[in-house]
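Please read the structure below before turning to the comments.
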Amino acid sequence: MKKVLELDIKKQLGSFSLNVQASIGNGITGIYGPSGHGKTSMLNAVAGLIRPDSGRIFLNDVCVYNADEHIHVPVHKRKIGYVFQDIRLFPHLSVEQNLRYGLKKFDAVKIGFNQVVEVLQINHLLAKKPSECSGGEKQRISIGRALLSGAQILMMDEPFSAVDIHLRNSIIPFLNTINRRFQIPMLIVSHDLPDLLSLTDHLLLLKNGNITALGRFQDLIQDENNIGIMKDAGLYNVFNLRVSDSLPAKNMVLLSNKSNSFQVQVLLQSLLQKVEIGKPIKVLIRPEDISISRQTVDQISLRNQIQGKIIKIFTRKGLSFCLVDAGEKVLVEITEASKQKMNLDRGTTVYCLFKSAALKIFE
């Protein structure tokens with residue numbers, strides 16, 4: 001994977017110290033950490049809004065900051081599209097004027113105005129003022145302006161904090177479409193882990209100003225220290241699946257991974273769009289919404305009973321976390337008492353049981 005951002009910086013901010021080293025690839029990277037642990041400061045350093053005390057920053061192999069060589073490329077020359085937490089649109093300009101304002105920043109703009117308007121579905125808003133637009137519409141306009149600036153990387157700071165759950169769910173597909181259509185890497189900061197996981201499997205975990213982990217979510221959940229950081233934020237399992245079969249008689253759709261080694265049934269009505277064989281679907285489920293059994297359970301309404309083997313088990317604050325290899329890595333949360341009663345250990349064959357209704361679906 002191409003590396004679009006490399007940084008090794010230190011910055012003292014009062015009593016808080018930011019000390020981050022990372023190499024970040026193309027695609028969407030979610031930056032997660034508790035509030036006040038340096039997420040926004042990291043973005044601001046990359047954007048050039050704050051100057052680190054030491055270190056280096058490279059964007060697409062171009063050095064934009066080097067303390068030893070006294071290099072500090074100004075903000076407006078870094079070709080970064082920055083969408084702030086407080087949506088900073090010009091209130092006196094129309095939506096179209098706000099969008100076209102970004103065109104003045106760089107000469108070489110690879111994305112056309114009409115393309116952005118089409119992808120973000122904001123043609124009907126062009127003549128309006130920002131005050132006449134909803135929170136979700138303002139967010140899309142702000143993203144559009146960043147794209148039209150000629151940005152080579154898009155950074156977003158808490159893009160969902162000012163909108164409700166319905167608007168969040170409407171913005172997420174646009175971000176996925178932008179990344180696929182324009183191939184623009186994204187760094188997205190959030191303290192809401194499910195929002196990030198609905199967008200990407202690639203996470204950077206930040207705690208106390210330090211990067212504690214960087215990589216695929218399926219790999220991160222194998223480290224109990226990472227589980228401790230993510231648990232309080234609403235931890236989910238994430239599966240990238242595809243539609244493999246339609247089961248209309250059962251009002252269900254069968255989803256599978258590429259190797260067909262992991263299959264789940266979901267309710268037909270949970271898919272918003274037309275069912276197409278091969279269509280990619282992202283599925284999320286909380287560890288606490290999955291039960292474990294030593295054998296299949298008959299005479300029960302649960303549609304999904306997936307066989308696997310426990311490859312890791314650990315206890316945290318009276319809860320046991322079982323990492324089950326069932327064709328995908330599945331994290332299951334049970335009580336320590338249940339673990340002992342069932343005599344669960346590494347290598348134990350188990351069945352993961354969950355309701356179709358417990359799954360969160362993202363198309």
Side-chain angles (χ1 to χ4, degrees), residues 1 3-59 63-69 71-72 78 80 82 84-85 153-161 185-197 199-236 238 312 314 316-317 321 323 331:
M1 181 184 291
K3 300 301 180 184
V4 297
L5 171 63
E6 295 185 64
L7 69 162
D8 182 353
I9 57 172
K10 295 181 180 180
K11 177 68 176 178
Q12 193 67 36
L13 298 163
S15 60
F16 179 79
S17 179
L18 183 70
N19 183 0
V20 294
Q21 301 82 37
S23 183
I24 297 173
N26 212 340
I28 302 176
T29 299
I31 301 174
Y32 170 76
S35 296
H37 282 242
K39 302 185 300 296
T40 299
S41 296
M42 176 180 155
L43 287 194
N44 287 342
V46 173
L49 295 173
I50 63 174
R51 186 192 294 256
D53 299 325
S54 62
R56 302 178 302 168
I57 301 174
F58 286 84
L59 282 170
C63 181
V64 295
Y65 176 77
N66 189 314
D68 294 336
E69 298 180 11
I71 297 173
H72 183 69
R78 295 198 181 192
I80 292 174
Y82 199 157
F84 295 91
Q85 182 174 352
I153 183 171
L154 185 64
M155 302 197 310
M156 305 184 70
D157 187 12
E158 298 285 1
F160 309 114
S161 62
M186 298 182 187
L187 297 179
I188 300 180
V189 160
S190 180
H191 66 276
D192 193 308
L193 191 58
D195 283 338
L196 290 179
L197 293 176
L199 276 166
T200 180
D201 306 329
H202 202 76
L203 295 182
L204 183 155
L205 303 184
L206 197 63
K207 184 177 182 180
N208 296 323
N210 295 276
I211 294 175
T212 60
L214 172 63
R216 291 180 63 252
F217 178 75
Q218 286 270 346
D219 297 326
L220 298 186
I221 61 173
Q222 299 183 50
D223 186 331
E224 59 186 275
N225 292 321
N226 295 334
I227 297 297
I229 295 173
M230 297 186 286
K231 177 67 178 76
D232 295 334
L235 184 60
Y236 278 79
V238 184
K312 189 170 186 177
F314 61 89
R316 176 180 170 82
K317 296 181 179 179
F321 293 87
L323 188 63
L331 189 67

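This structure is a prediction, so every number in the text was calculated from the model and none was measured. Note that these values count all heavy atoms, side chains included, but never hydrogens, waters or copies made by symmetry.
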Quick one: does any side-chain atom of Gln12 pair with a main-chain N or O of Gly14 as donor and acceptor, under 3.5 Å? yes

Distance col, row Leu235:CG vs Ile229:CD1, nearest 0.5 angstrom, shows 11.5 Å

To the nearest 0.5 Å, what is the distance between CD (Glu224) and CZ (Phe321)? 10.0 Å

As an exercise, state the distance from CG of Leu205 to CG of Asp223, rounded to the nearest 0.5 Å. 9.5 Å

Can you say whether the rings of His72 and Tyr65 are parallel (under 30°), tilted (30 to 60°) or perpendicular (over 60°)? perpendicular

Show, in sequence, the C-alpha distance, side-chain angles and deciding distance for Glu158 and Thr40, and conclude whether the side chain to side chain contact (heavy atoms under 4.5 Å, CB included) test is met. CA-CA 9 Å; Glu158 298 285 1; Thr40 299; 5.6 Å; no

Any non-hydrogen side-chain atom of Ile80 less than 4.5 Å from a side-chain atom of Leu59? yes

With a 4.5 Å limit on heavy-atom distance, are the side chains of Leu5 and Ile57 in contact? yes

Heavy-atom check, side chain of Thr29 versus side chain of Thr200, under 4.5 Å: no

May I ask you to decide if Val238's main-chain N or O and Asp201's side chain share a donor-acceptor pair within less than 3.5 Å? no

Heavy atoms, side chains only, cut-off 4.5 Å: are Leu187 and Tyr82 in contact? no

Exam field: side chain Lys39 to backbone Tyr32, donor-acceptor pair closer than 3.5 Å: no

Verdict with reasoning, Thr212 to Asn225, per side chain to side chain contact (heavy atoms under 4.5 Å, CB included): CA-CA 9 Å; Thr212 60; Asn225 292 321; over 6 Å; no

Indicate yes or no for a side-chain donor-acceptor contact from Lys312 to the backbone of Gln222 under 3.5 Å, with no hydrogens or angles considered. yes

Decide yes or no for Ile9 and Val20: does some side-chain heavy atom of the first lie under 4.5 Å from some side-chain heavy atom of the second? yes

Test your reading of the model: is there a side-chain donor-acceptor pair from Asn210 to the backbone of Asn208, 3.5 Å cut-off? yes

Backbone N or O of Val46 within a donor-acceptor pair of the Arg78 side chain at under 3.5 Å? yes

Check step by step if side chain to side chain contact (heavy atoms under 4.5 Å, CB included) holds for Asn226 and Leu203. CA-CA 11 Å; Asn226 295 334; Leu203 295 182; over 6 Å; no

Is any side-chain heavy atom of Leu196 closer than 4.5 Å to one of Ile28? no

